[in-house]
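The chain is numbered in sequence order, starting from 1. Model, not experiment: these values are computed from the prediction.
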Amino acid sequence: CQYIMDHYEENWELPLGNDAILCGTTIIGNAHFSFYYPPNLLFLHLPFPIALHIWYAFHIFIAGLGCFLFLRYHKILRIAATYGALIYMYGAHMAVRMNIGHYDHISVMAWIPFSFLFLNKLIDESNLKNSLFFGIFLGIHLLTLHLQIIYLSLIGLAVFTFCLLTFLWRKLGFNLKKLLRLSSLF
């Protein structure tokens with residue numbers, strides 16, 4: 001980020017690459033440099049330690065909020081949903097990655113509950129609002145650019161969709177029109 005800021009201040013343009021790393025690497029086209037991820041703008045405007053702490057706190061909060069809302073959508077008691085959100089926020093999968101600095105993992109995992117929540121809402125009630133929110137959260141999810149976790153979460157979304165559609169098929173009976181409309185998501 002410091003290289004981007006220095007280059008921008010000197011030339012009044014965003015750099016396309018960094019010549020100081022190896023024989024030169026791209027910045028915008030790099031699969032592990034989430035240039036277009038909106039929360040990363042903190043690093044351009046604040047000192048690095050402050051931006052990093054705010055960035056971590058924001059993502060941990062988003063992860064907990066998404067998990068809490070997902071559990072409450074499934075009519076889990078408020079206290080149980082709170083515990084579930086706390087476990088998701090401060091579980092080993094987040095704490096280990098925060099400790100060793102894998103911020104891309106944390107940024108992807110923070111948005112996963114929202115993707116599952118709005119996919120579930122979209123399957124339960126197909127309307128423009130749920131489609132829009134699912135698209136927004138899936139788009140944010142994709143902007144984080146940790147390809148392995150994104151790929152695994154997309155597989156998880158597909159399996160989740162298949163399980164929900166199978167459950168709905170058994171519960172409501174065979175409704176070809178609704179099944180085709182919902183299966184068009186993937």
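Hydrophobic clustering keeps F162 apart from L117 (ILVMFWY residues linked when any side-chain heavy atoms are closer than 4.5 Å, directly or through intermediates). Note: the hydrophobic cluster containing F58 also contains I140 (ILVMFWY, side chain heavy atoms under 4.5 Å, direct or indirect links). Residues F61 and I112 are members of one and the same hydrophobic cluster, defined by side-chain heavy-atom contacts under 4.5 angstrom among Ile, Leu, Val, Met, Phe, Trp and Tyr. Linking ILVMFWY side-chain heavy atoms closer than 4.5 Å, directly or via other members, places L152 and I150 in two distinct hydrophobic clusters. The same ILVMFWY cluster, assembled from side-chain heavy atoms under 4.5 Å apart, contains both M94 and L86.
Note that NZ of K129 and CG of L122 are 11.5 Å apart. Values are rounded to the nearest 0.5 Å. Summarising the geometry, atom CD1 belonging to I149 is positioned 9.5 Å from atom OG1 belonging to T144; distances are rounded to the nearest 0.5 Å. In this structure, T82 OG1 and L71 CG are separated by 9.0 Å, a value rounded to the nearest 0.5 Å.
In terms of heavy-atom proximity, N130 sits nearest to K121 at ND2-O, 3.3 Å. Across all non-hydrogen atoms, the minimal contact from G84 to C67 is O-SG, 3.7 Å. Minimum heavy-atom separation, G64 to A85: O-CB, 3.3 Å.
The side-chain heavy atoms of L69 and F114, taken from C-beta on, include a pair separated by under 4.5 Å. Side-chain contact between Y90 and I60 is present, with heavy atoms from C-beta onward closer than 4.5 Å. In this structure, the side chains of L157 and L138 come closer than 4.5 Å at one or more pairs of heavy atoms.
Applying the under-4.5 Å side-chain rule to Ile, Leu, Val, Met, Phe, Trp and Tyr, the cluster around Y151 extends to I155, V159.
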Acceptor/donor pairs from residues 48-57 side chains to any protein atom, 3.5 angstrom cut, sequence neighbours excluded:
residue : atom : partner : partner atom : Å
H53     : ND1  : P49     : O            : 2.6
W55     : NE1  : N40     : OD1          : 3.1

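Counted within 6.0 Å of OH on Y83, heavy atoms from surrounding residues, nucleotides or ligands total 12 or fewer; the atom is thus considered open.
When the side chain to side chain donor-acceptor pair (under 3.5 Å) test is applied to S115, the partners found at least two apart in sequence or on another chain are H141. With sequence neighbours left out, F160 forms a ring pair (Phe, Tyr, Trp, His ring centres under 6.0 Å) with F116. Remark: F133 engages F118 in a ring pair (Phe, Tyr, Trp, His ring centres under 6.0 Å) (not counting sequence neighbours). With sequence neighbours excluded, the residues forming a side-chain contact (heavy atoms from CB on, under 4.5 Å) with L143 are Y36, Y37, P38, listed by chain and number. By the ring pair (Phe, Tyr, Trp, His ring centres under 6.0 Å) test, H93 is found to be paired with Y88, residues two or more places apart in sequence or in another chain being considered. With sequence neighbours left out, the side-chain contact (heavy atoms from CB on, under 4.5 Å) criterion links L132 to I136.
For residues 64-78, every residue pair satisfying the side-chain hydrogen bond (donor to acceptor under 3.5 Å, both in side chains) rule, not counting sequence neighbours, is listed here: Y73-D124, H74-N120.
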